[in-house]
Participant: 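Starting off with a structure, shown below.
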Amino acid sequence: MIPFADRDGDTPFDDTAVTIRGRVQRITFQNPDTHFTIARLLTDPDGHRVTILGYLLLAGGGESLEVTGHWQEHPRYGAQLKVIHYQVLLPDTVEEVRRYLASGVIRGIGPKLVERLVRHFGADLLEVIEQRPHLLKDVRGIGDQTAALIEDGWKAHHAARHLMQFLQENGLKPAYCGRLFKALGEDAVALLQEDPYCAVDEVPGIGFVVADAIACRQGVPADDPRRIRACLGHILDQAVAEGHVFVPESQLLAQSHRLFGIDTEALAGVMDAMVRDRDIHVSESETDRRVYRMPLYEAERGIAARLNAMLALPLPEAAVSPETITATVIQRLAIHLSSAQQAVIHGVLTHRVAVITGGPGTGKTTLVRSLHTVFHAMGQSVCLAAPTGRAARRLSEVTRQPAATLHKLLGYNPMAGGFEKDQDDPIDADVFIVDEASMVDTLLMAQFLKAVPLTSVLILVGDIFQLPSVGPGNVLKDIIASQRPAVYHLVEVFRQAEESPIVRNAHRVREGECPDLQAGRSSDLLAPFHFIEAARTGDVVRTIIDLCVNWIPDQYGLDPVRDIQVLTPVHKGEAGTINLNQTLQKVLNPDGRQLPAKFHPGDKVMHLRNNYSKDVFNGDIGRVASVAAAHEGLSVDFDGRRVDYDVADMEELTLAYAISVHKSQGSEYPAVVLPLLTQHFVMLQRNLLYTAITRGKQLVVLVGQRRALDIALKNDRPKQRLSSLRQRLSG
């Protein structure tokens with residue numbers, strides 16, 4: 001039996017535990033990461049259909065179960081059985097074996113192969129797979145590879161169930177099973193029993209929680225050096241996830257003692273050992289020592305060293321007059337530069353390292369195009385780059401020049417987990433222009449600067465008022481604050497951009513002023529910048545649906561899936577990405593919902609991490625073109641290029657009808673819809689609102705509470721990220 005922790009939420013109407021048997025008729029919902037599942041069970045022997053929910057490791061339906069749980073009444077879906085224990089009942093008749101294997105319990109085994117196996121072994125088939133897998137090769141068409149696939153698939157399926165049971169026995173959430181199994185494999189239980197703390201580095205975020213619970217059950221002392229080392233690493237990694245580059249030593253010691261009961265004297269000894277092993281670095285400061293993970297210490301120090309070295313090298317004076325610049329840009333781009341733009345270009349030409357920063361409509365793109373043209377006219381090679389695939393494609397579109405992601409430029413090797421380009425094999429270019437530089441974190445900037453020749457020119461372009469990088473550090477802001485490179489702040493909003501209500505209101509938000517909401521209050525006609533007031537979360541969600549399905553397509557002629565992007569500050573809750581995606585999927589792709597799967601043909605999806613073998617990058621958005629039989633894979637259309645995903649790859653995809661504001665960085669959309677609710681209080685910040693507004697090109701619609709808008713405008717103190725880069729650059 002596999003037990004489960006109960007969850008609060010729905011109202012139980014019977015506290016008596018009941019046990020029923022039946023066959024899984026259909027899986028209604030299944031979270032691939034946590035395995036939380038809602039399914040329909042056809043009970044034995046009466047044939048009633050029962051809804052069950054809980055953490056269930058099921059394949060595709062057809063499995064026979066014995067489940068124990070409590071009845072509860074859902075206000076919308078009626079009676080449901082919340083499962084607290086379940087057991088898979090292995091079939092013992094030929095027909096049951098056929099149905100069980102056909103459910104997809106072993107991935108890659110299709111119906112035809114199942115039929116051949118059943119004909120050969122009959123009701124003994126499952127016993128053969130588990131105890132005598134070598135006999136599988138007696139079946140026509142099954143060789144070593146297929147036999148191994150069947151054996152490995154069977155072992156993996158049952159190993160995952162064993163891991164889930166092991167976690168519950170140790171008082172841990174079964175939701176951890178998916179991530180642990182992916183990281184540790186079929187031997188997960190044995191590895192965790194031998195050394196629980198092996199999970200810390202393998203599964204960041206939850207590894208220490210899992211390891212500490214198991215170690216406690218095993219009687220590992222609280223002051224065991226392995227536990228202390230894991231604890232320190234866990235606290236440092238949590239800080240990195242929040243954007244910090246280091247943690248003050250006093251804070252690290254206090255948290256270790258308060259949260260995990262570790263004595264300060266024991267901590268000091270382990271810290272010394274971690275310094276000797278180069279796991280961490282401790283830097284002196286005027287107030288409190290700073291504790292770094294070693295890679296971040298080396299990265300921060302490397303950024304400062306490379307930039308200071310470049311700034312120390314004299315740059316030959318550019319023999320280009322303002323008149324020549326103007327003539328070159330007019331001749332080659334047909335652009336008439338303002339006097340301020342000419343001054344920026346002329347200034348950049350006299351510095352080896354420069355920063356250009358400004359909000360929407362201030363001419364950053366025009367300057368990038370013009371600088372590329374001027375440097376090219378001077379006979380210098382120019383490399384255009386951006387931190388993400390979306391930003392690089394956008395840069396290429398507006399400049400009409402090739403642009404690459406920083407990872408691609410550096411020759412990232414996913415198999416080796418490293419980069420090919422560095423100071424020993426630098427990138428061959430005279431000038432580097434990096435757009436959306438505010439998105440570049442400490443580790444990536446350090447690697448990039450290693451590969452930039454010291455004699456090259458480096459120009460960083462970005463908007464420091466947007467959200468900071470997802471990774472640790474605040475690199476562009478720190479570089480500007482150091483006052484070491486030349487910095488050009490663009491403040492003039494050009495006439496054409498100034499006429500846009502989106503640009504005008506974005507600048508108002510940036511200054512903490514309330515955007516002009518008059519145009520959107522009482523009219524059913526959507527102004528380019530529109531605010532729709534709705535007090536309740538349900539009303540906000542219904543309004544968003546109506547906007548995407550009716551208002552925006554009718555009034556602006558935009559495609560509801562391709563052209564409209566819903567952005568939201570949060571993932572959970574009724575107005576979070578998870579629920580909005582499921583709701584929008586139902587109304588925007590109703591035909592696909594006939595299939596019991598997460599993704600359906602026509603769905604809007606986002607790729608979640610850089611995949612260089614597929615040439616698809618974090619944040620790329622496409623449409624599902626087709627889904628393979630038995631949901632063993634699918635194909636996604638990314639702007640006319642089809643990319644295939646097998647079952648293992650599908651975890652790199654998520655629905656993208658609604659995405660987080662953070663994920664939208666570096667992109668632009670014809671229309672943006674943003675819910676604003678006071679329940680999102682933690683995420684309501686001015687830079688988040690500013691970032692969301694600046695994603696829209698033709699239309700931005702805010703839906704929600706005026707109070708939430710006011711909170712975001714007043715909250716201009718986003719959590720300070722701990723970094724020493726500014727001081728290192730300043731000397």
Side-chain angles (χ1 to χ4, degrees), residues 303 306-307 310-311 313 315 318 320 325 328-329 332-333 335 337 341-360 362-410 421 426-441 444-464 466 469 475-477 479-480 484-490 665-666 668:
I303 293 171
R306 294 293 289 185
L307 286 177
M310 293 179 74
L311 290 163
L313 290 175
L315 184 69
V320 182
I325 292 171
T328 302
V329 173
R332 301 197 179 191
L333 298 177
I335 292 175
L337 297 173
Q341 288 175 320
Q342 292 179 47
V344 171
I345 294 175
H346 202 264
V348 168
L349 292 175
T350 62
H351 293 87
R352 191 172 295 282
V353 181
V355 177
I356 299 173
T357 182
T362 55
K364 295 192 300 294
T365 299
T366 297
L367 284 172
V368 169
R369 292 184 65 195
S370 301
L371 282 165
H372 184 283
T373 298
V374 171
F375 278 117
H376 192 264
M378 294 167 58
Q380 295 186 294
S381 57
V382 182
C383 177
L384 295 176
T388 67
R390 293 165 295 155
R393 276 195 297 275
R394 186 164 151 250
L395 178 61
S396 181
E397 289 167 3
V398 297
T399 61
R400 300 182 181 89
Q401 300 293 333
T405 64
L406 291 175
H407 280 81
K408 194 164 189 177
L409 203 61
L410 292 166
K421 295 293 184 180
I427 305 164
D428 185 16
D430 299 315
V431 180
F432 294 84
I433 302 177
V434 180
D435 196 17
E436 298 285 358
S438 63
M439 297 174 64
V440 185
D441 64 27
L444 182 56
M445 182 63 80
Q447 186 62 46
F448 171 62
L449 291 178
K450 280 183 189 177
V452 172
L454 294 177
T455 54
S456 296
V457 170
L458 174 64
I459 303 166
L460 302 175
V461 183
D463 185 349
I464 58 171
Q466 290 186 21
S469 59
V475 177
L476 184 64
K477 204 167 187 177
I479 290 173
I480 292 172
R484 289 284 286 130
V487 180
Y488 299 91
H489 295 275
L490 308 179
Q665 289 187 87
E668 283 187 339

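All values below were derived from every heavy atom in this structure, side-chain atoms included, with hydrogens, water molecules and symmetry-related copies excluded.
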Participant: For Arg390, give me all partners under side-chain hydrogen bond (donor to acceptor under 3.5 Å, both in side chains), at least two apart in sequence or on another chain.
Facilitator: Ser667
Participant: For Ala392 and Ala403, which heavy atoms make the closest approach, and how far apart are they?
Facilitator: O-CB, 3.5 Å
Participant: Could you tell me whether the side chain of Ile356 reaches within less than 4.5 Å of the side chain of Leu490, counting heavy atoms only?
Facilitator: yes
Participant: Answer whether the closest heavy-atom distance between the side chains of Leu444 and Val475 falls below 4.5 Å.
Facilitator: no
Participant: Between CG of Leu454 and CZ of Arg306, what distance do you get to the nearest 0.5 Å?
Facilitator: 4.0 Å
Participant: Write down the atom of Ser438, the atom of Leu476, and the distance for their closest heavy-atom approach.
Facilitator: N-CD2, 3.7 Å
Participant: Can you measure from OG1 (Thr362) to OH (Tyr488) and round to the nearest 0.5 angstrom?
Facilitator: 15.5 Å
Participant: Is there a donor-acceptor contact under 3.5 Å from the side chain of Lys364 to the main chain of Thr357?
Facilitator: no
Participant: Show your reasoning for whether side-chain contact (heavy atoms from CB on, under 4.5 Å) applies to Leu410 and Ile427.
Facilitator: CA-CA 7 Å; Leu410 292 166; Ile427 305 164; 4.1 Å; yes
Participant: For a quick test of reading the model, state the closest non-hydrogen atom pair linking Gln342 to Leu337 and the distance between them.
Facilitator: NE2-O, 3.4 Å
Participant: Nearest 0.5 Å, please: how far is NE2 in His372 from CZ in Arg332?
Facilitator: 11.0 Å
Participant: Tell me the closest heavy-atom pair linking Ala377 and Thr328, and the distance in Å.
Facilitator: CB-CG2, 3.9 Å
Participant: Filter on side-chain hydrogen bond (donor to acceptor under 3.5 Å, both in side chains), then keep only pairs touching residues 444-464, sequence neighbours left out; what's left?
Facilitator: Asp463-Tyr690
Participant: Roughly how far apart are Gln466 CD and Gln665 CD, rounded to 0.5 Å?
Facilitator: 6.0 Å
Participant: Would you call Met378 and Leu349 a side-chain contact if the rule is heavy atoms closer than 4.5 Å?
Facilitator: yes
Participant: Any non-hydrogen side-chain atom of Ile480 less than 4.5 Å from a side-chain atom of His489?
Facilitator: yes
Participant: Applying the side chain to side chain contact (heavy atoms under 4.5 Å, CB included) test to Val368, which of Ile433, Thr373, Val434 qualifies?
Facilitator: Ile433
Participant: Check whether Ser396 reaches the backbone of Gln401 with its side chain - one donor and one acceptor, N or O, closer than 3.5 Å.
Facilitator: yes
Participant: To check you understand the geometry: which heavy-atom pair defines the closest contact between Met439 and Pro387, and what is its length?
Facilitator: CB-CG, 3.7 Å
Participant: Tell me, do Leu367 and Ile345 make a side-chain contact under 4.5 Å, heavy atoms counted?
Facilitator: yes
Participant: Working to the nearest 0.5 angstrom, can you tell me the gap between Leu315 CG and Arg352 CZ?
Facilitator: 5.0 Å
Participant: Answer whether the closest heavy-atom distance between the side chains of Leu458 and Met310 falls below 4.5 Å.
Facilitator: yes
Participant: Could you tell me which residues satisfy side-chain hydrogen bond (donor to acceptor under 3.5 Å, both in side chains) with Ser381, sequence neighbours excluded, listed by chain and number?
Facilitator: Asp430
Participant: Should the heavy atoms of other residues, nucleotides or ligands under 6.0 Å from NZ of Lys421 be counted, would the total exceed 12?
Facilitator: yes
Participant: Is the shortest side-chain heavy-atom distance between Thr388 and Glu436 below 4.5 Å?
Facilitator: no
Participant: How long is the straight-line distance from CG of Leu460 back to CD1 of Ile479, given to the nearest 0.5 Å?
Facilitator: 5.5 Å
Participant: So which atom in Pro426 and which in Pro453 form the shortest heavy-atom distance, rounded to 0.1 Å?
Facilitator: CB-CG, 4.0 Å
Participant: Check whether any side-chain heavy atom of Leu307 sits under 4.5 Å from a side-chain heavy atom of Arg484, and report yes or no.
Facilitator: no
